[in-house]
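As a basis for the values below, the full set of heavy atoms in this structure was taken, side chains included, without hydrogen atoms, waters or symmetry mates.
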Amino acid sequence: MSLSNSTYLFFCCRRRKRAAPASTHPCWSHQGPVTTYNLLVHTRVILSVLFGLVTPLVNNEKISLANRTNIVEHCTKKYEECTKKGKKGLKYTDDDVTYDYQYPKNYNLEEIIHAVTHPSASGWIKLEGVYSEKDVEMARERVMYHTNTEFYMEKRNEKHENKDELHNNYRGMVWALINKGKIFQKMAQHPLILNISDTILGQNSQISSHAANTVLPGMKGQLPHLDYPYYRNFMPRGNPAVLDDAPPLSLQFVTLLTEFTAENGGTGVRPYSHIKPRYPDNVEDFFANAIQMTGKPGDVVIFHGAIQHCAMPNKSKNFRSGILQHMAPVYLRTFEDIRSYISDDVKVEATPELRRITAVDHPYPISKA
Ligand SMILES: O=C(O)CCC(=O)C(=O)O
């Protein structure tokens, strides 16, 4: 974050655990062969069970197999103990998180709404300096922790004959961030993000998915895709135009935790492609018309959920990481089951805003039985 950020307006406002399996992600397969990956994961689980490594984790209800393997890799204690205050290896604890927010210099709600929703606009916009350097550092540290990025970066520097294998073992996606530290809860309820989201998607818009994506040097990008709920399989097969001219059904807020550059895999987007939402089956055509988002840590890129986009290959020497806060109208089923997997301790301490965006008090569906 540049020094000029210190001149930004500050204001105060007081105010686990089922990870989606990687295979549910529309574009995961492009980041590494899933079959090989699954095989390795399952082998690792079996070995771990044999050696008793998983035993302490099994008591932790609701942790999926995919998540367990993740934990085994990073931590041999119960999940909560690994993420709680004071865990060795984490410099920042929940106590370091304060609810003071930073505003970008040139915040203009009308301009944002126009860029993302107007039928003649490109469908995306970047806001600079939405989060402070410290908030970004705290969030990045936790994402690095859950992905074990430091370990993989060190391995990369060793002479490694098969870098593909390294990449296949690496899980760049971290899900359910709400349960993984107060810093993510704070960032998710940035008043500015809620203001934009509620204005575009409707009052009481909710978090549909809250994840982070990290791409190691040398890793391939994703396949171009649209975000949930604009999945090919959800649309009537004979009528791909069904959502043309419909109001937006989701927004993606990408918080840059590292610099995003053309070289390190800054998100590729195809401007204007959201106007008539179509799945980018022609990958060459997508890349021929895509541009890349670049920016600094703390910037936020906002785009319409129906825009064609993807993480691009990382050809640099460092990793690239960002938080993906996917927002949806309150009447839509969310992508991640956040409402049911938000942990009790997070719920108890949640601010009214956090309760609202996780829809824990949302009364629907109603049981009339
Ligand atoms: O990490 C990125 O640049 C984009 C990620 C993305 O589009 C996704 O995971 O759906």
Side-chain angles (χ1 to χ4, degrees), residues 1 10-19 60 62-63 67 70-71 74-75 77-103 130-147 149 173-194 197 206-214 253-258 297-298 300 321-327 334 336-361:
M1 186 68 47
F10 279 75
F11 75 98
C12 284
C13 71
R14 245 328 298 158
R15 354 207 224 203
R16 164 152 173 316
K17 309 233 153 95
R18 196 170 34 137
N60 190 5
K62 276 193 178 173
I63 298 181
N67 213 1
N70 202 15
I71 298 160
H74 308 306
C75 174
K77 291 189 198 146
K78 280 176 77 174
Y79 184 85
E80 282 84 353
E81 286 169 33
C82 297
T83 54
K84 239 157 118 180
K85 301 170 192 177
K87 165 78 174 79
K88 197 171 159 235
L90 284 177
K91 183 171 152 197
Y92 295 106
T93 71
D94 282 351
D95 294 339
D96 292 307
V97 180
T98 52
Y99 277 88
D100 52 337
Y101 287 101
Q102 178 171 302
Y103 265 122
V130 179
Y131 295 103
S132 69
E133 207 169 323
K134 186 171 176 203
D135 281 353
V136 169
E137 198 185 331
M138 288 194 279
R140 188 175 50 230
E141 179 192 50
R142 276 176 189 258
V143 170
M144 296 309 98
Y145 176 89
H146 286 285
T147 47
T149 293
M173 294 295 296
V174 183
W175 302 94
L177 290 185
I178 286 290
N179 286 338
K180 293 189 166 73
K182 205 168 173 182
I183 184 61
F184 300 119
Q185 296 156 29
K186 172 188 174 178
M187 290 170 98
Q189 51 186 308
H190 194 305
L192 183 151
I193 288 185
L194 301 196
S197 182
Q206 58 180 333
I207 302 187
S208 161
S209 173
H210 197 213
N213 188 23
T214 306
F253 293 81
V254 183
T255 297
L256 280 56
L257 295 180
T258 60
V300 171
S321 186
I323 294 177
L324 310 170
Q325 182 171 345
H326 183 251
M327 300 294 292
T334 55
E336 282 184 80
D337 195 2
I338 291 174
R339 185 165 140 173
S340 67
Y341 68 38
I342 183 169
S343 66
D344 288 341
D345 51 337
V346 172
K347 219 190 286 182
V348 165
E349 288 189 17
T351 61
E353 287 81 5
L354 191 63
R355 290 189 74 88
R356 213 258 291 153
I357 56 178
T358 50
V360 288
D361 303 316

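Under the 3.5 Å distance criterion, with hydrogens and angles disregarded, a donor-acceptor pair is assigned to the side chains of Tyr92 and Glu137. Side-chain atoms of Thr358 and Gln206 include no donor-acceptor pair closer than 3.5 Å.
Lys180 places a side-chain N or O within donor-acceptor distance of the main-chain N or O of Trp175, the cut-off being under 3.5 Å. Formation of a donor-acceptor pair under 3.5 Å by the Tyr131 side chain with backbone atoms of Met187 is found in this model. A donor-acceptor contact shorter than 3.5 Å is absent between the side chain of Asn213 and the backbone of Gly322. At distances below 3.5 Å, at least one donor-acceptor pair connects side-chain atoms of Asp96 with backbone N or O atoms of Thr93. Put simply, the side chain of Gln189 gets close to the backbone of Gln185: a donor and an acceptor are under 3.5 Å apart. In this structure, Arg355 contributes its side chain and Val360 its backbone to no donor-acceptor pair below 3.5 Å.
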List the steps and the verdict of side chain to side chain contact (heavy atoms under 4.5 Å, CB included) for Ile323 and Leu257. CA-CA 7 Å; Ile323 294 177; Leu257 295 180; 3.7 Å; yes
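Between Tyr101 and His190, the ring planes lie tilted relative to each other; the angle falls in the 30° to 60° range.
For the pair Leu256 and Val136, the tightest heavy-atom approach, listed with the atom from each and the gap, is O-CG1, 4.2 Å. Closest approach of Ile207 and Ala188 over heavy atoms only: CD1-CB, 3.9 Å. Considering every non-hydrogen atom in both Val174 and Leu177, the closest pair reads CG1-CD2, 3.8 Å. Closest approach of Gly181 to Arg142, counting heavy atoms only: CA-NH1, 3.8 Å.
A distance of 13.5 Å separates CD in Glu353 from CD1 in Ile193, rounded to the nearest 0.5 Å. For the atom pair CG (Leu192) and OG (Ser197), the distance works out to 11.0 Å, reported to the nearest 0.5 Å. Summarising the geometry, atom CZ belonging to Arg356 is positioned 5.5 Å from atom CG belonging to Leu194; distances are rounded to the nearest 0.5 Å. With rounding to the nearest 0.5 angstrom, the CG atom of Asp135 is 4.5 Å from the CE atom of Met138. Of the inter-residue distances, the one linking His146 atom NE2 with Met173 atom CE reads 14.0 Å to the nearest 0.5 angstrom. The line from CG of Leu324 to OG1 of Thr255 is 8.5 Å long, rounded to the nearest 0.5 Å.
The side-chain hydrogen bond (donor to acceptor under 3.5 Å, both in side chains) test applied to Arg339 returns no partner, not counting sequence neighbours. Judged as a side-chain hydrogen bond (donor to acceptor under 3.5 Å, both in side chains), and not counting sequence neighbours, the contacts of Ser208 are His326. The side-chain hydrogen bond (donor to acceptor under 3.5 Å, both in side chains) search around Ser321 returns Thr214, not counting sequence neighbours.
Here the side chains of Lys182 and Tyr99 are in contact, with some heavy-atom distance below 4.5 Å.
The side chain to side chain contact (heavy atoms under 4.5 Å, CB included) with Phe184 is formed by just one residue from the set Val97, Val346, Val143, Asn179; it is Val143.
The residues Lys186 and Asp94 are annotated as not salt-bridged, no charged nitrogen and carboxylate oxygen being separated by less than 4.0 angstrom.
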